[in-house]
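Everything on this sheet refers to the single structure shown next.
Keep in mind the model is a prediction, meaning the values are calculated, not measured. Order of the sequence lines fixes the chain letters, A, B, ..., with proteins taken first and strands second; residue numbering starts at 1 for each chain.
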Amino acid sequence: MTADFLKDLNPVQLQAVKCVEGPELVLAGAGSGKTKVLTYRVAYLVSIGVPLHNILCLTFTNKAANEMRTRINKMLGVEESGKRSYGSWIGTFHSLFGKILRVESKRIGYDQNFSIYDEDDSLRKVKEILRERNLSEDVYAPAAIRARISKLKNSVILPSQFEQSAKSRLDEVTADVYTTYEDRLKKGNAMDFDDLLIKPILLFNRDREALDKYQNRFRFLLVDEYQDTNRAQYVLLKLLAEKHRNLCVVGDDAQSIYSWRGAELQNILDFQTDYPNCKVFRLEQNYRSTGKILKAANSIIVHNKRKLDKELWTENLDGEKLTVIESENDRDEGYKIVQKIRDESIKDKLQLKDFVVLYRTNYQSRALEEAFNRGGIPYVIVGGLAFYKRKEIKDLLAYLRLVVNPLDDESFIRAVNFPPRGIGDVTIEYLRDFAADQGTSLFNAANRAGEIGQIQQRQRGQLRLFCGLIEKYSRLKDGLSLSELTRTISDELQVIRLLKEEGTPEARNRIENIQEFLVGIAEFQSDNPQGTLQEFLSEVTLVADVDRWDTQRNAVTLMTVHAAKGLEFPVVFVSGLEEGLFPLPAKEQDELEEERRLFYVAVTRAEKKVYLSHTRERYRFGKLSFQTPSRFLSEIESNLLDRERSSRQTAQRALWEATGTFSQLAPSLDHVDGATEEEAAKQPEHKEGRSIPKLKVGSIVHHQFFGDGKVIDMLGKGDNERVVVLFGANQKKQLMVRYANLRLVK
DNA sequence: TTAATTTGCACCTAC
DNA sequence: TGCAAATTAA
């Protein structure tokens, strides 16, 4: 193939792409074509004869990975036959090393079907251990201990090492809990997120042969967002790159915003000393933002001390000044943002998806959401409570996890009393004692409940039924497809019927979530015909909410600044720019500098226009508190700012208040919290929205997985519209029209 | 054992 | 304010 695609690179980008051998550091400012360099570099490597499977490309989110995979496939002219066929070499650290661990599990004493614990699961384990030791949760906050353990693991400090360096009583307790925690996870054939990074290190250190294999396989390493790597990721890269030394990292120290989960800014600051003969390229030309936005961003970041030298410039037009909006309170802030979006979308012919509203903390989304509902502007919230963390979904997942890995005690505890079977804390405690005594799992203990004297007859019966159920599903799992199995479980547990009986809005919401979950499984299956249950479970645990974000939908996006990293929008609103909120209270200089980088990230998302919003008063902890403008606002050169003062209540706003109260009574607005993308946009789709077929009872439709079927019933309306479709002889499915991607056949 | 009620705390982000 | 844990009643 020819490499004439290289002509759309600027000189520095071109050099960075064509530098093939040896370590390479690409310092890429915001909007300077970082992703472009990475994708073009992969394409270039392939064009000079490097086989794709010799390239490993690591990103921080699945979204970034998918985007790059698509772009690269396109450049290489690779057909996208089944999303994954050419994609095994690109992904997040966690997912790729998770896959390697599945293959190599035996070498580190794990079974191939290990469970992956999320933070909630780990936290439960930590609590369990503290309780066993009679340690007060008031003195030893479980969440703090869990965070410390996670930090230790991210820093590649093993329990034995930490034990020796323990200085305080808290250290001793942490060391003790850490040791037991590791032991429990191993016994339960489970790993937490951090294990997915630290276990490969242990494997490679211990097993030369394994390291050799992967060093040879991944002869070219590319890493995105290098400034956000932690110690474990750093060590992992060092090990893999040792032999061929072809490590190319791309990042921007000014955008390092994850120190709280162990990211070490030092990694990127030290790259040149770690790899002395490395080539360094600086991408300083910005293609995204207007001149004024860029000047403002630069004037913010100069206030930081700890950084590499770099100043972004652009050939783009100067553009408009940044507008500072002052509001009376958080409600007023929402109102003003909604008004601005209305005006601008008409005036500048912008679509709703061109706007994003950013905030520092998730709770701020509530007030904004209310404003969007009242204003009738479709919106999408990204983040918040991730889909797969919702109770009803985790409960169902617990069954699947237990079927795959019967040693998984956390999943046992979840599943055994869902729906309620009269198995409570007391019975669990008896099972725990027995299991500990026999050195076995809770599931095994439950199977032998007859041998445990303290357990009541009634509970024994229930446990027997439960174990029978799990065993039945284990037998069924090879005969049924993934979605059939899940549907069988959810049908037999009668979860939907039980929720229907509850009849509350929350219950209805849960039913919808469960239905969406079932559709999600069907989609996974059609994307991955060979995909196993265990692969589905890993994927589910490792997706972020941004990954599920549908960028095609024509709605305003609401998200945290963290979630917005790597994204761009024509118009950006940064809300809540007040002391104590953005920046959040910082104890140390480093923390304040990270808040400033976060603000820098927020501003540099914008292409054309930035609004910076702050309020005089805001509800915090349920009561009104006085707010002062963020120091960051005064750090921006004042000739770049326009200020819009808070004005007294206008007639227009009074009308808004009145209609707002009124429309709150309307049934379509009766949901309050926990809203995310699937329930958020209450308005009909605008012109650009995904085309949704007009269905009626009797229509023949095609589903990519289930095939052709006949619509026999329709429920709900708007975004909640669902259809019951009869596929084949008697396979009835209820699908959400918005997600099922049905094609109207007749 | 569970459901109902009160209390207590958080508003720090996410693979 | 809004949720989760703790406490009490049934």
Atom-to-atom span, CD of Glu225(A) to P of dA14(B) - whole angstrom: 14 Å
Counting any heavy atom closer than 4.0 Å, what does Val561(A) reach on the DNA or RNA strands: base, sugar-phosphate only, or nothing? nothing
Checking ring pair (Phe, Tyr, Trp, His ring centres under 6.0 Å) for the pair Phe412(A)/Phe466(A): CA distance, chi angles, key distance, verdict? CA-CA 10 Å; Phe412(A) 175 89; Phe466(A) 176 74; 5.6 Å; yes
Once you apply a heavy-atom cut-off of 4.0 Å, does Asn417(A) come out as touching a base, just sugar-phosphate, or nothing? sugar-phosphate
Tell me yes or no: between the side chains of Arg102(A) and Ser538(A), is some donor less than 3.5 Å from an acceptor? yes
Between P of dC3(C) and CG of Asp120(A), the distance in whole Å: 15 Å
So does Lys391(A) pair up with Asp395(A), basic N to acidic O under 4.0 Å? yes
Interatomic distance where CG belongs to Asn62(A) and P belongs to dA14(B) [whole Å]: 14 Å
Restricting to nitrogen or oxygen on both sides, can you table the protein-nucleotides 7-13 of chain B pairs closer than 3.5 Å?
unit_1: dC11(B); atom_1: O2; unit_2: Tyr363(A); atom_2: OH; d: 2.7
unit_1: dC11(B); atom_1: N3; unit_2: Phe621(A); atom_2: N; d: 3.4
unit_1: dC11(B); atom_1: N4; unit_2: Phe621(A); atom_2: N; d: 3.1
unit_1: dC12(B); atom_1: O2; unit_2: Arg360(A); atom_2: NH2; d: 3.4
unit_1: dT13(B); atom_1: O2; unit_2: Trp260(A); atom_2: NE1; d: 3.2
unit_1: dT13(B); atom_1: O2; unit_2: Arg360(A); atom_2: NH2; d: 2.4
unit_1: dT13(B); atom_1: O2; unit_2: His562(A); atom_2: NE2; d: 3.3
unit_1: dT13(B); atom_1: N3; unit_2: Trp260(A); atom_2: NE1; d: 3.4

Rounded distance (Å) that lies between atom P of dA14(B) and atom NZ of Lys63(A): 15 Å
Atom pair OG1/CG of Thr229(A) and Asn154(A) - distance to nearest 0.5 Å: 11.0 Å
What is the distance, to the nearest angstrom, from the CD atom on Gln456(A) to the P atom on dT2(B)? 12 Å
Give each protein N/O atom lying under 3.5 Å from an N/O atom of nucleotides 5-10 of chain C, with the pair distance.
unit_1: dA5(C); atom_1: OP1; unit_2: Lys127(A); atom_2: NZ; d: 3.2

Which heavy atom of Leu197(A) sits nearest a heavy atom of Ala232(A), and at what distance? CB-CB, 4.0 Å
Whether Phe517(A) and Tyr388(A) hold their rings parallel, tilted or perpendicular, with breakpoints at 30° and 60°: perpendicular
Scan Phe60(A) against the nucleic acid and name what it touches under 4.0 Å (heavy atoms): base, sugar-phosphate only, or nothing. sugar-phosphate
Nearest whole angstrom, please: distance from the P of dT1(C) to the CZ of Arg331(A). 12 Å
Go nucleotide by nucleotide along DNA chain B from the 5' end; which of Arg458(A) and His94(A) gets its closest nucleotide reached first? Arg458(A)
Report which part of the nucleic acid Thr541(A) touches: base, sugar-phosphate, or nothing (heavy-atom distance under 4.0 Å, all strands). nothing
Is the closest side-chain donor-acceptor distance between Arg306(A) and Gln266(A) under 3.5 Å? yes
N/O donor-acceptor pairs under 3.5 Å from side chains in residues 557-564 of chain A, not counting sequence neighbours:
unit_1: Thr560(A); atom_1: OG1; unit_2: Ala563(A); atom_2: N; d: 3.1
unit_1: His562(A); atom_1: NE2; unit_2: Ile257(A); atom_2: O; d: 3.0
unit_1: His562(A); atom_1: NE2; unit_2: Trp260(A); atom_2: NE1; d: 3.4

What's the CZ-P distance between Phe418(A) and dT2(B), to the nearest Å? 14 Å
Between the side chains of Arg360(A) and Glu595(A), is the shortest nitrogen-to-carboxylate-oxygen separation below 4.0 Å, so that they form an ion pair? yes
P spacing across the pair dT13(B) / dA4(C), given as an integer number of angstrom: 14 Å
